[in-house]
Structure formats: C-alpha cells, structure tokens
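Model, not experiment: these values are computed from the prediction. What you see below is based on every heavy atom in this structure, not just the backbone, and it leaves out hydrogens, waters and symmetry mates.
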Amino acid sequence: MAETRCLTRAAACLLTLGAAAFCQTPATFTWEQLRDRFERTNPQLLAGKLNIDEARAEEITAYL
C-alpha cells in the first residue's frame, strides 16, 4: 500500500513537471538584447560605471 502511494505521488509529480515544461516558451534573444540586459543587471559593471562618473566629477571639480 505504501509502495502504491509512492508510485502515485511520483507519477503525479512527473505529470505536473511535464505540463510545466510544455507551458514555457523558448526565449530567443539577439546579441544586442543580451548585451543590454547584461549591462543593466551586472552589479560589478554598474559599480564600475559609478566609479568612472565619480572620477570625472572629481576631475572637473579639481579644475575649478
């Protein structure tokens, strides 16, 4: 009886996961879309841009 329950649960899980896999659409991105997404979400790249902006501001201030 415990084996039957286990098999039933396993079958239910497989059916659920299989249905979820069919619901997903394949994502197709262009190189530009991937690059833009990477540039927007990469924290190290964003921090580097912030440091460059700060350095430019300090340089401008130094010449005043």
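Considering CZ of Arg37 and CD of Glu39, their distance stands at 13.5 Å, rounded to 0.5 Å.
Here the closest heavy-atom approach between residue Leu46 and residue Arg40 is recorded as CD1-O, 3.5 Å. In this structure, Glu59 and Tyr63 approach most closely via the heavy-atom pair O-CD1, 3.0 Å.
Heavy atoms from other residues, nucleotides or ligands lying under 6.0 Å from CD of Glu54 number more than 12.
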